[in-house]
Amino acid sequence: MDDADLTLAVRSCLFAAVGTCGQRCTSLRRLLIHEKVYDEVVAKLTAAYKQVKMGDPLEAGTLCGPLHSKGSVKEYEDGLEEIKKQGGKILIGGK
């Protein structure tokens, strides 16, 4: 919606996508963003993702740990390639 609280929406999306690491039925898979707020949402999400600490889950402050298997890494890499094939852009990470 074009009148949504974007700060709250971005925080919620980030948690649903990263905080749960796909381990819940409420994990984020897609966003449908109103065209009037698209650029603002993308900018806020990009800034939020830049703050996500990835690494050893036993270290304080780490929000997202590593992928746990070769199969998971392959699925991730295949997903990135499919995004690119469909004209998508990888704005953060992707390596």
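Note: hydrogens, waters and symmetry copies are ignored here, and every other heavy atom, side chains too, is used. Here the structure is a predicted model, which means the values were calculated and not measured.
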Any side-chain heavy atom of [X] within less than 4.5 Å of one from [Y]?
| X | Y | result |
| --- | --- | --- |
| Thr7 | Lys44 | yes |
| Tyr49 | Val18 | yes |
| Leu45 | Leu91 | no |
| Pro66 | Pro57 | yes |
| Lys89 | Lys84 | no |
| Thr46 | Lys50 | yes |

Distance, nearest 0.5 Å, that separates [atom1] of [X] from [atom2] of [Y]:
| X | Y | atom1 | atom2 | answer |
| --- | --- | --- | --- | --- |
| His34 | Leu6 | NE2 | CG | 11.5 Å |
| Tyr38 | Leu31 | OH | CG | 9.5 Å |
| Thr62 | Lys53 | OG1 | NZ | 4.0 Å |

Answer yes or no: is there a donor N or O on one side and an acceptor on the other, between the side chain of Ser12 and the main chain of Leu8, under 3.5 Å?
yes

Heavy-atom pair with the smallest gap, counting every atom of Leu28 and Cys13
CD2-O, 3.6 Å

Between Lys74 and Glu77, is the salt bridge (charged side-chain N to carboxylate O under 4.0 Å, His left out) condition met? List the steps.
CA-CA 5 Å; Lys74 173 133 178 49; Glu77 291 172 341; over 6 Å; no

Quick check: are there more than 12 heavy atoms from other residues, nucleotides or ligands sitting under 6.0 Å from CD of Glu35?
no

